[in-house]
*Asks:* 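Please find one structure pasted underneath; my questions will follow.
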There are 2 protein chains.
Amino acid sequence: MIREALAALLSFEDDMEVVAQVGRGDEVARAALEAKPDVALLDIEMPGMDGLTAAAELRRLSPGTRIVILTTFGRPGYLRRAMESGASGFIVKDSPADKLAQTIRKVLDGQRVIDPDLAAAALAEGTSPLTPRERDVLAAATEGATIAEIAGKLYLSEGTVRNYLSACIQKTGARNRAEALRIARERGWL
Amino acid sequence: MIREALAALLSFEDDMEVVAQVGRGDEVARAALEAKPDVALLDIEMPGMDGLTAAAELRRLSPGTRIVILTTFGRPGYLRRAMESGASGFIVKDSPADKLAQTIRKVLDGQRVIDPDLAAAALAEGTSPLTPRERDVLAAATEGATIAEIAGKLYLSEGTVRNYLSACIQKTGARNRAEALRIARERGWL
DNA sequence: TCACGTTCATGACAGTTGTCATGGGTGACT
DNA sequence: AGTCACCCATGACAACTGTCATGAACGTGA
């Protein structure tokens, strides 16, 4: 519904045309190759494949298509990963509506569009201090999983899981694995 | 942005007119009293005042205005609370776009519009088994708070907090307070 | 008045979790 | 070959958490 509403919004602009719409991340590349748009507008939270992965794929298959990420949550980690995925613009959904068309025009003009506050926050945060395996373990500790469950899911011993979680807790500066999970999620370290 | 996009979408309908828009829950009632709309379309997650509270207020101050809740998360607990607040319709944002206008028309016609699956889920869940105080304690246990912190925040002893949390865990069927929190949130018991 | 549920508290116990020391195996870089 | 970071594991200890029994105070309704 949101997608179609945004399409309606953009159709008011004389210099723009919505040439394709898809509802799943794993259909983005195919649709882009068919419709050959100048700009692709992607959400991050999507079924099938998340928007950042879809952006990377799109960048690889169709380098000429510029990418704008439009997302609900202005998390600095999202911004960093969006830039790494080759996006040219990054805006959050609670910006004023006219910002969308402005951003698309600027991006088409070769400029990059990034919220300054978000960029500052992303730089201040730095990159993830978690090792890949620590990340896995923390991600498996979804709300309310026991250590034994995590160990079973990842085929690790319970002691190992405890060690990794302990490392995650220290690196995030949390006092819990629940808090570590929250912090890591906020920062896009997950 | 979403709000303006939806307004653009609705403006395509010949029989509808968007007479007012506000971005905060606590401005809903005032705007409705001024613009006197036939139908008010409310989100739940809003700054200032959540949409369900705003709906109840609107219901009280302007009983003639029918209310449609449009929200991102189709949680059964939201649906129940929406109905208790006097809403006539409840749709989620990932419905097809034409559903919005359809719903508004039906509601204006005096009908109630509810997703059948969601209604079934809401009825199956029943009402919250948590006592008010248990609810408070569980709500204070936001991601990563220690028992000592909760006790300090609510001016309770640690033992009491543990007792309440234990009750919450048993009533939700969880094995953790983290899981209990997640379950309670999903069901709208919070 | 009495039973009942809710709120708050204490204390004790078992289980889970977080921390630390330690060690072996692997691949990358110098 | 040596150093380093990472992966995996074990064991022990302290701290935190969840459970249970118990009891007092309070308001509500039969």
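Reckoned from all heavy atoms, side chains included, excluding hydrogens, waters and symmetry mates. A quick note: this is a predicted structure, and the numbers were derived from the prediction, not measured. Throughout, protein chains are lettered first and strands after them, A, B, ... in sequence-line order, and every chain is numbered starting at 1.
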*Asks:* A:Leu130 CG to D:dC7 C1': how many Å, rounded?
*Replies:*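 After rounding, the reported distance stands at 15 Å.
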*Asks:* Nearest whole angstrom, please: distance from the P of C:dT7 to the CG of B:Leu156.
*Replies:*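 Taking CG of B:Leu156 and P of C:dT7, I get 11 Å after rounding.
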*Asks:* If you look at every strand shown and take non-hydrogen atoms under 4.0 Å, does A:Thr160 touch a base, only sugar-phosphate, or nothing?
*Replies:*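 Result for A:Thr160 = base.
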*Asks:* List, one per line, each side-chain donor-acceptor pair under 3.5 Å for residues 53-64 of chain A, sequence neighbours excluded.
*Replies:*
unit_1  : atom_1 : unit_2  : atom_2 : d
A:Thr53 : OG1    : A:Asp50 : OD1    : 2.4
A:Arg59 : NH1    : A:Pro63 : O      : 3.4
A:Ser62 : OG     : A:Thr65 : OG1    : 2.7

*Asks:* Answer yes if A:Met83 and A:Val113 sit in the same cluster of Ile, Leu, Val, Met, Phe, Trp and Tyr residues linked by side chain heavy atoms under 4.5 Å apart, and no otherwise.
*Replies:*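 Unlinked, A:Met83 and A:Val113 end up in two clusters.
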*Asks:* At under 4.0 Å between heavy atoms, which parts of nucleotides 16-30 of chain D does protein reach? Answer with one letter per nucleotide, 5' to 3': B base, S sugar-phosphate only, - none.
*Replies:* -BBBBB---------
*Asks:* Tell me: CG of A:Asp136 to C1' of D:dC8, nearest whole Å?
*Replies:*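 Roughly 13 Å, once rounded to whole Å.
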*Asks:* In whole Å, I'd like the distance from the CZ atom of A:Arg135 to the P atom of D:dC7.
*Replies:*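 Taking CZ of A:Arg135 and P of D:dC7, I get 11 Å after rounding.
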*Asks:* Could you check how far CD of B:Glu158 sits from P of C:dA9, rounded to whole Å?
*Replies:*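 Spelled out: CD on B:Glu158 to P on C:dA9 is 11 Å.
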*Asks:* With sequence neighbours left out, which residue pairs that include part of residues 150-160 of chain B fulfil the side chain to side chain donor-acceptor pair (under 3.5 Å) condition?
*Replies:*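 Listed once each, the pairs are B:Ser157-B:Thr160.
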*Asks:* Rounded to the Å, how far apart are B:Tyr155 OH and C:dT7 C1'?
*Replies:*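 It works out to 18 Å between those atoms.
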*Asks:* Among pairs that include at least one residue of residues 25-42 of chain A, which meet side chain to side chain donor-acceptor pair (under 3.5 Å), considering only residues two or more places apart or in two chains?
*Replies:*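 For residues 25-42 of chain A, and leaving out neighbouring residues, the side chain to side chain donor-acceptor pair (under 3.5 Å) pairs sorted by first residue read A:Arg24-A:Asp26.
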*Asks:* Quick one: side-chain hydrogen bond (donor to acceptor under 3.5 Å, both in side chains) partners of B:Arg135, sequence neighbours excluded?
*Replies:*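 Scan of B:Arg135 (side-chain hydrogen bond (donor to acceptor under 3.5 Å, both in side chains), adjacent residues dropped) gives none.
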*Asks:* Is there a side-chain contact between B:Ser157 and the phosphate of C:dT10, meaning an N or O under 4.0 Å from OP1 or OP2?
*Replies:*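 For B:Ser157, the contact criterion (side-chain N or O under 4.0 Å from OP1 or OP2 of C:dT10) is met.
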*Asks:* Can you check the B:Glu134 CD to C:dT7 P distance for me, whole Å?
*Replies:*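 About 7 Å, once rounded to whole Å.
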*Asks:* Indicate every side-chain donor-acceptor pair of residues 6-13 of chain B with a distance under 3.5 Å to a residue at least two apart or in another chain.
*Replies:*
unit_1  : atom_1 : unit_2   : atom_2 : d
B:Ser11 : OG     : B:Ala8   : O      : 2.6
B:Glu13 : OE1    : B:Arg105 : NH2    : 2.7

